[in-house]
Amino acid sequence: MDKFLNSSRKRDNPEVISNIEKKQKIRKYDDSYLNFGFTSTVVANVEHPQCVVCLKVMAVESMLPNKMKRHLETVHGNLVNKPRDYFVSKLKAMAQQKHSFTKQATIPSKALLSSYKVAWRIAKSKKPHTIAENLILPAAMDMVSIMIGDAAAKQLQNVPLSDNTISRRIQDMAEDINDQLIEKLIGNDFAIQLDEATDSHNDAHLICYVRFVVNDVFHEDLLFCKTIVGETKAADLFNILDSFIIENNIVWDRCFGVCTDGARSMAGCYNGLQALVKKKAPNAVWTHCIIHREALASKIISPSLNEVLLSVIEIVNFIKTRPIKSRCFKKMCEDMGAEHTSLLYYCNSRWLSRGNVLKRLTEKITSFKRKLVLWKNKIEDDQQRNWIKDPFTTDLPSELTITEQEQLIDLYSDSVSKSKFVSLSLPEFWIAMKKQYPIVANKAIRTLIPFASSYLCETGFSALAVIKSKYRGKLNTEKEMRIALSKFTPRFDDLMQQKQAQPSH
């Protein structure tokens, strides 16, 4: 009884079982097994016997001559007395059949990749989907037929290029590009610019671009282009933006800039889109029409801001004290001197009656003084940020903390950094300083991230006008815009793994 129990314990012991498995030998295939009509094939890194007649794959334990002979006698009894050459011919036929299967499977996979490539080209060029089957395929077949031959041209017929297929390919690639963008964006500081407009079908769209650092380069890309279903109020526009941010797990606190146009729904200080964004992203800086203000300053504002303010006050006093007669604009310019002529032309005060001239000039001057105050504040901000433009010549700004000032001093004393500052652009320089001086570099990058104007949105709406023409009113514009405007390339290998390659139909 004890002997039986001990033997059962040995069988249940995993160490004993592993030792038994190690002692088991796996037979290798021998060329003499072909006499019984068997070759070998590898399944899960293990060699198995395979019949060359019925192509059945046997178990590993069947790698024995007697078992192979028994299979031949019981299943293929009429082939028992066949010579070895017969089974050799069967083995060659099996190899040719495998090669044929491989070839037939390779053609659809290449055709699938070609279909994706053609769809990507069509979306990039903003062309209709029907152009693939009506123009690209016939033209490609003509060129291949002339340059290579008719047999090669016929293989192009395996490429699926119908309009519905191209549409599905574009949707797949657009989703893949969106996934790439979100993967790069999550965890990075970013800035956005937004604008809304209507297309040729009077459908309103909200377009949004994003700017962030990826692979040590500032990257600008289309974030989304959504159709506005409801109204175009600031709250409706913000809901579209906020929903996209939440759905894609983007952190609002990472937003350091928002750029819009001057529309009330966008630029309102209390209920506008930029005000709603600032509630979610308190560190975001709002920018608008910086280029316009710089152009205005270069044409009208003198080198000294105080002199300009005094000139404005002088014009106001002149208009209030001097009676203005009809058609006096030319005379008023002569009396006031040439230094004020450009300002008067800017105010566009060519009215005949004194009351209208005074009213218009007062409104314009008040607006101009407000712009000058904003410009003065901008100049003061720029002076505080001169260390970003040139950290090696400016004094330490008071707005920096002690730790930031210490890193800036170390940067100032670094000769290698000075040589990089000369050879690199300003964004590239601060990105290169992130590893050695992370605090001041990140502060500088966050200042450089915001957009200067909404020019990308304007180019986006130009592309939208081309894509959504009067003949393509029901098109999914967001998918088309994603591929047409994005700088990312679809991951074709990943897309093909998700699809089953089939011949064209």
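No experiment lies behind these values; they were computed from the predicted model shown.
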> For Val258 and Gln274, which heavy atoms make the closest approach, and how far apart are they?
CG1-CB, 4.5 Å

> I'd like to know whether NZ of Lys418 has more than 12 heavy-atom contacts from other residues, nucleotides or ligands below 6.0 angstrom.
yes

> State, with a plain yes or no, whether a side-chain heavy atom of Met68 is found less than 4.5 Å away from one of Ser62.
no

> Calculate, to the nearest 0.5 Å, the distance between atoms SG and CG belonging to Cys208 and Asp221 respectively.
11.0 Å

> Can you confirm whether Lys69 is buried at NZ, in the sense that more than 12 heavy atoms of other residues, nucleotides or ligands lie under 6.0 Å from that atom?
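No, NZ of Lys69 has 12 or fewer neighbouring heavy atoms, counting only those of other groups under 6.0 Å.
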
> Assess the pair Phe392 and Phe421: is the distance between their ring centroids shorter than 6.0 Å?
yes

> Under a 4.5 Å cut-off applied to non-hydrogen side-chain atoms, are Ile170 and Trp120 in contact?
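Sidechains of Trp120 and Ile170: no contact.
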
> Given Glu428 and Lys434, is the salt bridge (Lys or Arg N to Asp or Glu O under 4.0 Å) satisfied, shown in steps?
CA-CA 10 Å; Glu428 292 174 347; Lys434 284 181 66 176; over 6 Å; no

> Evaluate whether atom OH of Tyr412 has more than 12 neighbouring non-hydrogen atoms of other residues, nucleotides or ligands under 6.0 angstrom away.
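No, not enclosed.
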
> Can Arg254 be said to sit on top of Phe190's aromatic six-ring, NZ or CZ under 6.0 Å from centre and within 45° of the ring axis?
no

> Does Lys279 make a cation-pi contact with Phe238 (under 6.0 Å, within 45 degrees of the axis)?
no

> For Asn66, does the CG atom sit with more than 12 other heavy atoms under 6.0 Å from it, leaving out its own atoms?
yes

